[in-house]
Every structure is written in C-alpha cells, then in structure tokens.
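Each remark here refers to the structure printed beneath this line.
Every chain is numbered from 1 and lettered A, B, ... according to where its sequence line falls, protein lines coming before strand lines.
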Amino acid sequence: GSSGGSDSSASSSPSGEAEEITTLRLGYFPNLTHAPALVGVQQGTFKAALKELGITVTPTVFNAGPDAVTALFADSLDCSYIGPNPAVNAYVQSGGEAVRVVAGSTSAGAALVVRPEINDVEGMKGKSFATPQLGNTQDVAFRYWLKEQGVETTPEGGGDVSIKPQSNAEGLAAYASGEIDGAWVPEPWVSEYLAQGAKVLVDEKTLWPDGKFVTTHIICRTDFIAQHPDVVAAFLAGHVASLDSIAADPTAAKESFALALSALTGSSPKPEILDRAWEQLEFTADPLTGTLVKSAEDAVAVGLLEQAGIDAAGGLPGKLYDLKILNEVLQAAGKPAVSS
Amino acid sequence: MSASVLTPNVEKPAPVRSGAGWAPHMWAWIWPKALAILLVLAVWQLVYWSGWRPAYVFPSPIETLSQLGTMVQTERFWSAMGTTVIRAIGGFALALVIGTMIGILVARITPLRLAIGSLITGLQTMPSIAWFPLAILLFGLDEQAILFVVVLGAAPSIANGVISGIDNVPPAFTRLGRVLGAGPVAQYRDIVLPAALPTYVSGLTQGWAFAWRSLMAGELLVIIAEKPSLGAQLEFARQFSQAPTLLATMLVILILGMVVDGLFSSAARSLRRRRGLEVDSS
Amino acid sequence: MSASVLTPNVEKPAPVRSGAGWAPHMWAWIWPKALAILLVLAVWQLVYWSGWRPAYVFPSPIETLSQLGTMVQTERFWSAMGTTVIRAIGGFALALVIGTMIGILVARITPLRLAIGSLITGLQTMPSIAWFPLAILLFGLDEQAILFVVVLGAAPSIANGVISGIDNVPPAFTRLGRVLGAGPVAQYRDIVLPAALPTYVSGLTQGWAFAWRSLMAGELLVIIAEKPSLGAQLEFARQFSQAPTLLATMLVILILGMVVDGLFSSAARSLRRRRGLEVDSS
Amino acid sequence: MSAQALEVVADGTALQARGLRKVFGSGDDATVALDGVDLDIRAGEFVTVVGASGCGKSTLLNIFAGLDAPTSGTVWTATKPALMFQDATLLPWLTAQRNVELALKLRGVPRAQRAERARQLLDVVRLTGWEDKRPHELSGGMRQRVSLARCLAQDTSIVLMDEPLGALDAMTRDHLHDEIESVVQEQNLTVVFVTHNMREAVRLGDRVILMGSRPGRIVYETVIDLPHPRLMDSTGVAERAADLTTRLKAGKAYLEGADS
Amino acid sequence: MSAQALEVVADGTALQARGLRKVFGSGDDATVALDGVDLDIRAGEFVTVVGASGCGKSTLLNIFAGLDAPTSGTVWTATKPALMFQDATLLPWLTAQRNVELALKLRGVPRAQRAERARQLLDVVRLTGWEDKRPHELSGGMRQRVSLARCLAQDTSIVLMDEPLGALDAMTRDHLHDEIESVVQEQNLTVVFVTHNMREAVRLGDRVILMGSRPGRIVYETVIDLPHPRLMDSTGVAERAADLTTRLKAGKAYLEGADS
Ligand SMILES: Nc1ncnc2c1ncn2[C@@H]1O[C@H](COP(=O)(O)OP(=O)(O)OP(=O)(O)O)[C@@H](O)[C@H]1O
Ligand SMILES: Nc1ncnc2c1ncn2[C@@H]1O[C@H](COP(=O)(O)OP(=O)(O)OP(=O)(O)O)[C@@H](O)[C@H]1O
Ligand SMILES: [Mg+2]
Ligand SMILES: [Mg+2]
C-alpha cells in the first residue's frame with residue numbers, strides 16, 4: 001500500500017488494515033467495449049466466482065469515466081472496467097498512488113470512417129472530422145496519425161484538417177446533416193457510421209503490431225488489492241470465465257449483452273449493428289501494456305498530455321500495472337501469462 | 001330621442017356564474033391547448049414530409065407518438081417515471097425547506113446578505129456536473145448523492161425567489177407590523193412572508209425547473225439497473241442516437257413540466273384571487 | 001421629573017448622509033464578504049488537514065488558489081473567459097428579447113396563455129442536452145447551435161418571470177389605465193410593464209442562471225476552432241480528474257455569477273428605491 | 001370629440017342609467033351593492049352624490065366609467081367619462097408631473113405641450129414646486145391633489161369624482177371648489193361628484209342625490225337653486241345642507257350593519 | 001403594561017417632544033417637513049391637530065410612533081403608542097376580522113379571546129356582518145373603519161390617529177365620535193388625533209393644536225373647555241371652530257406652493 005491509499009482506507013475502515021468486506025463494488029459502463037462486464041454480471045459469472053469467499057458483487061454503472069475515478073478515489077468503488085484515458089488520468093492525478101491496472105478486457109474496435117468520396121488524407125484537407133472527446137484514445141490516435149501523415153492540427157480544432165470533438169451521438173447527427181465528413185470513433189459507432197453510408201478509411205488495427213491495442217481494461221484501488229488479494233483473484237477468475245464464455249458462445253454472449261444493456265439503458269443497438277461491431281472487437285485479459293504506453297506517448301507528442309505529470313507519477317508503465325494476481329489466475333486456468 | 005347620441009359604455013354583460021356550466025368551461029380550457037398541439041404536430045409532419053433531414057435523425061410525429069405509445073405500455077417506463085418523479089419531489093421538498101430558510105435569513109440579516117447574497121446566484125449558475133465529485137465524496141454512490149445535486153441546483157433559485165419576494169413587500173406592511181408591536185419573528189411570520197407569498201409561489205416554478213434539470217443530470221451520476229430513470233433514459237436515447245425514443249422522452253418531460261406548472265400557477269392564481277389581485281370580470 | 005418614566009422611542013439617530021463617507025461605506029460592504037470567504041477557506045483547510053480524503057480528490061484551498069493564480073496568468077484562460085462571457089451575454093440578450101416578448105403575449109392573450117402557458121415551464125424543465133440533436137440539425141456545428149441551446153434554456157425562465165410580474169400587478173393600476181383611455185399597447189407600455197419591472201428585474205437573475213448553465217452544457221456541444229471556453233475547461237478538468245483545476249474553474253464561475261448578481265440586484269434596488277419600496281432608514 | 005360633445009349638449013343628456021343592479025359574489029355570500037338605480041344627467045349638469053359609507057357610491061361611478069359591468073341594467077354615456085378614484089392611485093414610478101402627463105399622453109397630446117399643461121394643472125391644485133417628487137415623497141393630501149390634476153387633464157366632457165377632496169384641509173378645499181367650478185364652467189363639463197360633506201354637496205351641486213344603503217339606491221334628489229357664487233359657510237348652503245342631512249338620516253338603514 | 005400606564009398617569013406626562021426637526025432628502029432637493037416642534041402631552045389628554053395638507057402632521061405621528069427617526073430632537077413616550085395610518089393599510093390576505101385579530105395576537109391575547117374581542121370592536125365601528133370580507137371587498141370607508149377597530153385593539157395607553165374618520169359620512173362619523181370618546185374615557189387613553197375638520201377637532205379635543213407649513217411647526221394651541229357631551233353642530237363648537245379657522249388662515253403659508 002501507499003501513503004495515499006492507506007489514508008483513504010484508514011478513514012473508511014477504523015478496524016484496521018484487512019477490513020472484513022462482504023461485497024465487491026464493481027464499476028462499468030453500458031458500452032459495447034465493456035461487454036465482458038455486462039455479460040459476466042448478466043450470466044452470473046462473477047457471482048459464482050466470488051461465492052466461495054462469501055462475497056457478493058455490487059455492480060455500479062457509470063455514465064462517464066471521471067465519476068468512476070472519483071468513486072474509486074472516494075473509496076466508494078473497489079474495481080472498475082474503464083478506458084485507458086481515465087485510468088491514466090487517475091494514475092497521473094494521484095501521483096501514481098491510487099489505482100492499478102489488474103487485467104485487460106477489450107482490444108481494438110476503432111476506425112476512421114469518412115464519406116465515400118474521400119480516398120486519402122489529401123481528400124480530408126479543409127474538412128471537419130469528429131472524435132469522441134478531446135484527448136481520449138481515438139482523439140489522440142487520430143491526431144497522431146494525421147501528424148505522421150504530415151497534416152497539422154491543433155487541440156482547438158484548427159489546422160489543415162479540423163477536428164471537432166463531440167459526443168458520438170452528436171457526431172452521427174452532424175454527419176447525417178452534412179456538418180462533418182467523418183470521424184475516428186470506437187465501436188459500435190464505426191458500424192453506425194457505416195450504416196449511414198460512410199466507409200472505413202483507416203482501421204486502427206492496422207496501425208498496431210498484431211492488430212491489438214487496448215480499448216478497455218480493469219483497474220482496482222491500490223489498497224484494495226493489497227488488503228484483499230483473494231477477492232481480486234476471485235473476481236479476475238470470474239472475468240476470465242466471462243471472457244471464456246464470450247469466446248465459447250458469441251451468440252449467447254451477444255444476447256446476454258443486449259439484455260443487460262437494455263435493462264440498464266432501456267435501449268440497445270440494432271442487431272445488425274451489434275453483429276458487425278462485435279466482430280471488430282477482441283475480448284482478452286491481456287492489458288496490452290505496450291499499446292497504452294505508446295498511446296500516452298502519442299498524447300504527449302500531440303500536446304494533450306504533460307510529460308511532467310507522468311514523470312511525477314513514476315512514469316509509464318511505472319507502477320500502473322499489477323498483473324501478478326492475473327497471471328496466477330491465468331496459470332491456474334492453464335493459460336499463458338501476460339507481461340507488463 | 002336622447003339615447004341616439006349616447007353609447008352604452010359596457011357592452012358585454014356581466015359574467016353569469018352558474019354551477020351548471022362545467023362543460024363549456026372545460027371546453028374553453030381545452031381548445032387552445034388542442035389547437036396548439038395540432039398546429040405543432042402539423043408543422044412537424046410537414047417538415048418531415050419535406051425531407052429536410054433523414055428520418056433516422058428527424059423522425060415523424062407519428063413515429064414518435066407510436067414510440068411513446070409503446071413506451072407507456074412497458075412497466076419499465078412507469079417505474080422510471082416513478083423513480084424520477086419521487087426523486088424530484090423529494091429533492092424539491094428538501095430544496096424548498098433549505099432554500100426558504102436561507103432566503104429568509106439572507107433577506108433579514110443585512111451582514112449575511114452582504115456576505116452570501118450574491119453567492120446564492122453564484123451557486124445557481126454552477127452546472128450540476130461540477131458538483132458530481134463532491135457529491136460522490138460526501139455521499140458515495142447513493143440516492144443521497146443525487147439528492148445533493150438536486151438540492152444544490154434548486155435551493156439557490158428558491159432562496160432567490162424568497163429574497164426577491166421579501167424585497168418587494170410594500171414597506172407600509174412592515175411599518176404596520178412595527179406599529180402593532182411585532183417582534184422579528186412575528187414580523188416575518190405574520191406580515192412579510194404572507195405578503196411575499198404570491199411572488200414566492202409564482203417563483204417556485206423556477207425552483208422546480210432547476211430541480212428537475214439538476215435531477216436529469218444527477219441521475220447519470222450512477223445508473224442502477226433495477227431503478228431505471230427518465231434522466232438515464234433521455235441520456236441513453238441520445239447516446240444511442242435513437243431519435244424517436246429521445247423525442248418521446250422529451251414529450252414526457254414536457255408533459256410532466258406542464259402538469260407541475262398547472263399546479264403552481266393555479267395555487268398562485270387562487271392566492272391572487274383571495275387578495276383581489278386577480279379580477280374575474282374585467 | 002416627568003422624563004423619568006418616559007422612554008425615548010427612537011433610540012438610534014437618523015442616518016446622516018454625507019458625501020465624505022465613502023470609505024466606511026465600502027468597509028461595511030466588504031467585511032461580511034471577507035469574513036464569509038475567510039470562514040469558508042478556514043473550514044475547507046481544516047477538513048483538508050483532517051485527512052478526510054486524499055489530496056488528489058480533495059485539494060487544499062492553497063493548492064486550488066495557486067492553480068487559479070497560475071490559470072489567470074495564461075492567455076488561454078482569459079480567452080476562454082472572454083468567449084464564454086460573450087456567448088453568455090449574447091445568448092442572454094437574445095433570450096431576454098424573445099422571453100420578454102413571449103411573456104407579454106402569453107400574459108396578455110388568454111387563449112395563448114391557455115395554449116402554451118404551461119408549455120413554457122415544460123420547456124424550462126427540459127435539460128439542455130436534449131436539445132443538442134435539434135441544435136445540430138438546425139444550425140450545424142456552429143456558434144449558433146450554442147446560442148440556440150442557451151436561448152432555449154433562458155427564454156422560458158424570462159418569459160415566466162414576465163408573466164408572474166404581470167400577474168402580480170395591482171388591478172388598481174390597470175383599471176387606472178383603462179380610465180385614462182389607454183389602448184392595449186399603451187396599457188402595457190405605460191402601466192403594466194413599468195409596474196412589473198421590479199419583479200421582472202429580480203427575476204432576471206434566474207434567467208441568467210439558466211442561460212449560464214445551458215451555456216456550460218452547450219459549450220460541450222462543439223469545441224470550436226481556436227476558441228477555448230469555460231464550459232470546455234470545466235469538462236476537461238473533470239475528464240482528466242484534475243481536482244484543483246476543476247475547483248479553480250468552479251471558483252471562477254462562482255465569482256462571475258456573483259458579479260452578475262451584483263449588477264441585477266443593484267438595478268432592482270435602485271428601482272425599488274425610486275418607488276419608495278426600499279426604506280433607507282428603518 | 002368636441003364635435004360629439006357639442007351634439008350632446010344640443011341633445012341634452014350626457015349620461016343615462018336604467019335599472020342598474022350590481023351584485024358582488026354569489027350565493028349566501030352575495031352583496032347587493034346597487035339595485036334599481038335610474039338616473040338621467042343633463043350635459044353640463046353638476047350632480048353631487050351623498051350617502052352612507054358602503055352604500056354603493058364608488059360602485060356606481062365604476063359602472064358609469066365602464067370599469068365594472070352591472071349585473072343587470074344599462075348605462076349610456078355621451079363620451080367615455082374621466083374618473084377620479086377614491087384613493088389617489090398614482091403610479092409610484094412616475095413623478096407628480098409625469099403622472100399628470102401620462103393622462104395627457106394617453107389622450108394623444110403632443111409631447112411638447114404636455115409638460116406645460118401638466119405644470120398648469122399642478123399649479124391649479126397648488127403643487128407648484130412639487131412636480132418632481134414621486135408619490136411616496138408626497139403627503140396624503142398632496143397625492144389626492146395630483147390625482148385631481150390628472151383627472152382634469154383627461155379633457156372629456158363627463159367627469160366622475162369619488163370623494164376628491166376628502167383628505168384636504170378646509171382652506172385648500174375652498175380653493176379647489178372655486179377652481180373646479182371655474183374649470184367646469186369654462187369647459188362645460190358634466191360632473192358626478194361623490195362627497196361625505198353635505199355642505200360641499202350643496203355648495204357645488206346643481207342637483208344633490210342622496211343614496212340609501214343595502215341595497216344602494218337613490219332615496220332622494222333635489223335641485224339646488226341657490227345663486228352662484230356660493231360659499232360653504234353661507235346660511236343658504238348651511239340650511240339646505242341641514243335639511244338634506246335630516247332627510248338622509250330619516251331614510252332608514254344609513255348605517256350598514258345597523259339592522260343586523 | 002397597565003401598571004406602567006398608571007404610573008404615568010400619576011406622573012402626568014405621556015408624551016414629550018423636544019426640538020423635533022425632520023428633513024427628507026438632502027441637498028437642494030431636501031424637504032424640511034418639521035422644524036422646532038416642542039410638545040408635552042399629559043396622560044389622558046385628547047389632543048387634536050389641524051393643519052394644511054402637507055404641513056407635516058403624518059410625519060409628526062410617525063416620529064411619535066417610533067417609525068421614523070427625527071433628523072434632530074427627541075421624543076419620549078410612556079408606552080409604545082398605537083398608530084392608525086392615514087390610509088387603512090389592511091393586510092389583503094386577511095379578512096376584516098383577522099386583520100383586527102392580528103393586532104390582538106401581536107400583543108399576546110390568547111387565541112380563544114381574540115375572536116370575541118375582534119367581533120366586539122368591529123361592532124363598535126358598525127361592521128357586524130362584514131367580518132369575513134377581505135379588504136378588496138370592502139368600500140373605502142369600511143376599510144378605514146376596520147383600521148380604526150384594529151387601532152383600538154392595540155390596548156396601549158397612547159393612541160395616535162391620522163385622519164381616522166376622513167372617508168366617512170357625517171352620521172357614521174358622529175356615531176364614532178361618541179364611541180371613541182367613551183373608549184378613551186373608559187381606558188383613560190392619551191390621544192393625538194389629526195383631522196382636517198375643525199369642528200371635529202373642537203368636538204373631540206381637550207386641546208387643539210394648529211400647525212403651519214414649510215417647515216411644519218406648531219403655530220397656535222388652545223385648550224377647549226367646552227362642557228361634555230359636545231355636539232358637532234352646537235353653536236359652542238361652531239364658534240370655537242370658526243375662530244380657530246380664522247387663526248389658521250391668518251398664519252401664513254397654509255398652502256404649500258402658495259409662496260412660490
Ligand atoms: N369587489 C368587491 N367585491 C365584493 N363586494 C364589494 C366589492 N366592491 C364593493 N363591494 C361591496 O359593495 C358595497 C358598496 O361599496 P362601495 O365601494 O360602492 O361603497 P361606497 O358607497 O363607495 O362607500 P364609501 O363611502 O365607504 O367609499 C359595499 O358593501 C362593499 O362591501
Ligand atoms: N418619505 C418622504 N420623502 C420625502 N418627503 C416626504 C416624505 N414623507 C413626507 N414628505 C414630505 O413631508 C411633508 C409633510 O408630509 P406629511 O405627510 O407629514 O403631511 P401631512 O401634514 O400629513 O399632510 P396631509 O394632510 O396631506 O396628509 C410633505 O411636504 C411631504 O412632501
Ligand atoms: Mg367609495
Ligand atoms: Mg397626512
């Protein structure tokens with residue numbers, strides 16, 4: 001444990017270090033990229049895995065990464081499925097203290113989609129493109145890609161190609177009304193754009209070695225890992241079981257996912273969209289450490305992340321990853337270990 | 001003869017109030033609303049037919065209404081509405097108590113007013129999401145966190161309503177109170193607050209609107225599967241680009257807002273009538 | 001002799017108004033504010049010292065203020081503030097015109113009131129994000145889309161303020177207008193609107209708060225080239241979990257809100273004073 | 001308007017009321033404020049109305065002015081009358097001067113002439129020097145005089161006045177009697193003037209109307225044929241006033257609540 | 001309170017004013033409403049005040065009541081006085097009955113007794129049957145009478161009344177003169193009573209004070225030693241009133257604005 005971490009646990013657990021807990025407070029988002037969480041909860045995988053320890057799961061669904069991070073900081077949450085950005089932010093902002101990545105969840109599933117008449121980067125000049133949010137993975141990837149292609153951009157949307165960060169839904173509406181000419185977005189939005197006649201210009205897979213890059217992973221509170229390694233291990237076993245179940249029966253997994261999603265949000269993507277999007281994603285326990293580090297370096301390169309903050313937190317990957325438990329779990333399941 | 005150059009100076013007869021005439025009264029109340037709704041729907045449908053935007057971003061009224069029709073048949077919808085309305089009422093009630101108390105204190109105590117009077121408006125302008133971290137820190141992921149956001153949204157508005165109501169009380173009334181020997185408490189209880197009541201009640205719709213909007217944001221703080229809510233429904237309809245659901249949810253919000261407005265404004269009207277501030281025949 | 005059983009019935013001397021006394025006046029205005037600020041900072045610092053939450057979610061006032069200090073030295077901050085304030089003023093001005101006109105029409109024309117009176121509150125309760133798709137469809141990714149969201153946020157509030165102000169005009173004044181032969185326009189221009197003015201002006205702070213909150217949401221609608229804004233800054237601070245920046249931005253919003261409140265309430269006060277609704281000595 | 005007014009003068013009737021009845025409220029709670037009021041007022045006539053408190057005088061004037069509709073019965077008037085309310089009803093956001101100017105403005109007097117005319121009228125009611133005060137800076141009697149000036153600014157041939165001098169001292173009152181009389185004469189106004197002061201009624205009126213209470217109705221009327229100029233303290237006025245007071249007292253139910 | 005009131009009676013002075021000066025506004029715009037007013041009122045004395053409109057009578061009463069602070073000078077009173085405002089100032093959200101009850105409530109009368117006492121007082125002002133009406137349903141004179149009833153409900157030994165009967169007809173007025181006189185006698189009240197009716201002043205007052213205008217000051221005062229009961233129309237009252245009227249007219253500047 002770290003000083004910051006034990007401070008916060010001390011305030012919430014007067015009884016001392018290894019506080020008795022009865023439940024694992026697990027966060028995730030109602031997103032396709034968080035499918036292992038939704039499927040796991042829906043199919044009872046986590047419940048089964050934690051049963052032996054006499055611990056239940058309290059699923060907590062967030063709409064936005066920062067709220068999950070605040071909840072982790074505030075001891076209101078133990079672990080969360082989360083995108084690489086909020087994870088890095090939590091790590092950097094807490095000086096490398098508060099959280100650790102304990103496993104991967106999802107890889108790939110992002111692309112640059114454009115109007116059919118655009119065929120290369122030259123055709124993109126003078127046009128506007130959306131990204132989900134300034135400084136998020138896709139935004140960084142897009143800017144870095146443009147930079148490599150020799151196109152100037154600024155965080156404020158200036159330059160040869162204008163980047164207009166906005167939420168995916170607004171981006172789609174803007175595309176429909178001709179306001180933008182494409183977007184660098186994750187699934188299922190890629191599929192949504194395609195359904196509206198766009199085409200894929202760049203599949204982000206092609207930019208990464210092995211075609212893999214981190215889209216979602218799992219973080220836990222540092223002091224929670226220290227105090228309850230057994231709970232984390234059981235939870236990760238459930239996670240791996242969920243991944244297995246997805247791999248074994250994608251159709252059933254998709255159904256579970258759609259059920260869980262509509263229970264949470266009252267909505268779910270159209271089946272044809274879901275089918276296509278699901279294809280593009282890979283669900284894996286490997287956190288793909290290198291890709292996150294590369295992505296962060298890219299963010300620094302395009303001016304969306306400060307190297308000083310990363311250094312102050314102990315660098316990347318630094319202490320961000322704690323994969324010991326995952327590897328034990330994988331080993332017990334007879335699977336290859338992952339590396340950090 | 002003489003009447004030829006004279007004009008009757010009251011042309012319309014005095015209103016006859018009889019208990020029998022409920023039906024025409026209802027009709028007079030309903031037709032403008034019906035007409036307005038029809039007009040809006042007609043224009044909407046025309047724009048739709050004009051092919052201005054593709055149907056998946058700009059659905060037709062028929063599609064929207066049928067979506068609404070489907071929605072209201074689900075148990076989920078009613079449970080969402082129940083959750084949200086109960087939260088709204090709870091949060092508003094709490095904000096009402098807190099805001100009214102703060103309003104009275106600030107209006108009454110000059111140093112307090114100088115100290116935090118403007119702060120109230122400052123808080124009022126603070127967007128709800130700014131409070132999320134504090135809400136989570138203080139209350140965890142709980143109903144209370146949502147309530148906190150709602151109260152912080154609505155209480156300043158209500159307090160400002162109280163202050164402005166009190167400020168506009170005619171000094172003649174407070175002077176009367178002093179002559180009658182009212183102490184500070186009695187002065188407020190018996191003179192100032194009743195005098196400020198009509199403005200206060202009309203102002204409550206503003207407080208309600210703040211409470212509701214803060215709630216719509218606050219319900220995204222944490223999403224509970226067993227507890228669907230209108231705020232989450234709105235947000236996800238938007239996130240999933242489901243235009244008909246989004247519009248149907250907006251209609252529900254509009255209708256709820258109108259119902260609440262009806263309650264507040266009829267309360268305000270009956271207050272005014274009792275004071276002779278509203279003239280029936282004129 | 002006789003004075004022994006008598007009590008002086010006015011103890012404090014009448015206020016002496018002299019032109020020379022600016023300094024004590026300023027002081028009386030400042031000290032409650034200074035005290036309030038000091039108190040808040042002190043409590044905040046104490047909670048911080050108590051180690052309630054780690055510094056990275058709950059920064060100390062010193063850290064926040066120093067972050068604010070750094071922030072105000074960047075050109076980017078001033079440009080963000082400029083953009084946002086200009087948008088707010090523009091949107092508010094537009095909402096003022098539209099809201100006031102709608103308010104007058106609705107208060108005046110009974111069928112219109114029955115038709116859309118409640119709708120105004122309905123619109124007021126609609127969260128800004130619900131308008132995003134429509135804003136984009138109508139105006140594209142443009143300043144105008146932001147303005148649209150702001151106007152839809154603030155105009156209903158202003159219209160409701162106008163309606164409530166007009167509703168609470170004493171009938172004696174409108175009767176006077178009729179006796180003096182005022183036509184419908186003159187009745188409004190010369191009697192009803194001036195009479196409703198103090199309530200209206202006090203109500204404008206509510207409209208401003210709506211405008212501002214809608215703007216904070218609307219600025220996330222689209223991040224326009226070369227234009228940093230406070231709304232975006234607030235959101236980024238949140239997205240990047242930068243607690244000190246978030247708090248510093250909140251402070252800026254608070255202060256701006258307080259300044260605006262100061263303007264509106266001093267306008268309202270001077271109106272009341274001219275009408276003898278505010279008594280200096282009492 | 002002056003053309004129409006002339007026509008009326010030629011014709012002779014400025015105001016006619018038939019079968020006026022006014023009921024406030026309904027059911028058990030109803031108050032019959034007026035019942036069976038018939039009245040004909042000649043153009044140029046000065047009619048004074050006296051009656052107990054609450055007998056329906058203000059209600060009658062409000063109906064004459066077209067502000068309230070009678071429950072039944074009809075009123076015809078030659079022109080839209082001017083009305084001076086029982087309470088001053090000044091607009092608090094306007095100075096004394098502007099309050100008077102407003103009446104001029106609303107009847108279309110060009111801006112340039114308004115200030116001058118308003119100043120003249122304020123001088124008539126002896127408020128020169130107070131033009132720029134707002135209502136809350138004036139005394140009760142001063143407010144009433146501003147209201148009187150505003151009423152005179154309306155320039156219509158029928159003027160209804162509801163206790164216009166009630167809050168004034170004897171001397172100001174005397175002065176205003178003269179002023180009102182001369183304005184009325186000059187402009188050939190038709191006046192209905194409510195007062196509680198019987199001598200004032202006799203001093204000013206061509207005809208005095210006595211009203212009874214519950215329901216309000218006309219119980220007696222008489223033409224005052226005393227020569228002009230009349231004085232409040234002259235024996236002629238005093239005698240007629242005493243006579244009328246006796247008659248009013250004799251008319252039963254002069255105090256509402258007395259019979260309950 | 002009654003103990004304190006007794007003490008005052010023994011001592012003899014209920015109200016004392018020294019060097020009162022009241023200026024409204026400042027600079028060029030200042031109005032000197034009162035200047036150099038000295039006054040001693042014995043406990044149990046009935047003082048009536050007469051003066052031109054705008055001379056400062058209401059200002060004086062407001063200062064006596066402790067509502068406004070004088071610019072200089074001091075006022076001592078034996079108890080907190082009751083004040084009846086020049087305009088009725090009824091609370092529009094309360095019925096007539098409740099308006100009177102409020103005064104009782106604020107001086108701590110137990111709830112059970114309030115209703116009964118308020119009904120009695122409304123009966124004194126002849127408003128039985130109107131208890132449940134709200135102010136806007138009452139006529140101007142009725143409102144004034146509710147206000148009078150409320151003033152009498154205050155049960156203090158000093159009562160200040162600002163033109164309390166100005167909007168009432170002669171008969172109601174006569175009736176209330178008697179009522180006020182008997183209440184004052186019964187409870188040994190000290191009264192300051194402002195009126196524009198000189199006969200009323202003489203009819204009621206132990207002492208009449210005449211005020212002059214600009215600045216408001218006491219120009220004359222006289223003890224009225226006519227025997228009780230007095231009648232408004234008696235020659236004694238009429239003579240004294242005529243004499244005082246002449247004196248008031250003689251005192252210069254009775255009309256403000258007259259000298260400008
Ligand atoms: N708006 C109203 N609602 C109910 N009753 C009313 C209303 N206006 C007047 N009345 C009643 O009508 C009757 C006549 O009132 P009105 O004001 O005409 O009397 P008035 O003769 O002018 O009396 P005063 O001399 O006191 O002014 C009174 O009994 C009063 O209570
Ligand atoms: N609040 C105020 N501000 C400025 N001037 C005032 C104020 N109140 C009263 N005055 C002035 O003080 C003077 C005296 O007013 P006051 O009301 O005492 O007269 P009054 O004797 O009661 O007259 P009335 O018989 O008309 O009621 C007037 O000239 C008036 O204009
Ligand atoms: Mg009347
Ligand atoms: Mg006065």
Point-to-point distance, once rounded to the nearest 0.5 Å, from [atom1] of [X] to [atom2] of [Y]:
| X | Y | atom1 | atom2 | value |
| --- | --- | --- | --- | --- |
| B/L271 | C/N168 | CG | CG | 9.5 Å |
| C/W131 | B/L246 | CH2 | CG | 9.5 Å |
| C/I129 | B/L220 | CD1 | CG | 6.5 Å |
| C/T125 | B/L215 | OG1 | CG | 11.0 Å |
| B/T205 | C/I163 | OG1 | CD1 | 9.0 Å |
| C/L263 | B/T121 | CG | OG1 | 11.0 Å |

Top contributor to chain C contacts, counting heavy-atom pairs under 4.5 Å, from [options]:
| options | answer |
| --- | --- |
| B/L138, B/T249, B/V201 | B/L138 |
| B/N160, B/I255, B/L256, B/L254 | B/L254 |
| B/S157, B/P170, B/G153, B/P198 | B/S157 |
| B/A243, B/S118, B/G257, B/G165 | B/S118 |
| B/G203, B/S164, B/A130 | B/A130 |
| B/M216, B/R238, B/E235, B/R113 | B/R238 |

Region of [X] in contact with chain B, defined by heavy-atom distances below 4.5 Å:
| X | result |
| --- | --- |
| C/P111 | both |
| C/S265 | neither |
| C/L35 | neither |

Could you tell me whether the side chain of [Y] reaches within less than 4.5 Å of the side chain of [X], counting heavy atoms only?
| X | Y | answer |
| --- | --- | --- |
| C/I120 | B/D261 | no |
| B/S202 | C/D167 | no |
| B/R213 | C/Q124 | no |
| C/M126 | B/W212 | no |

| said: Which one wins on heavy-atom pair count under 4.5 Å against chain B: C/W208, C/F58, C/F210? | reply: C/F210
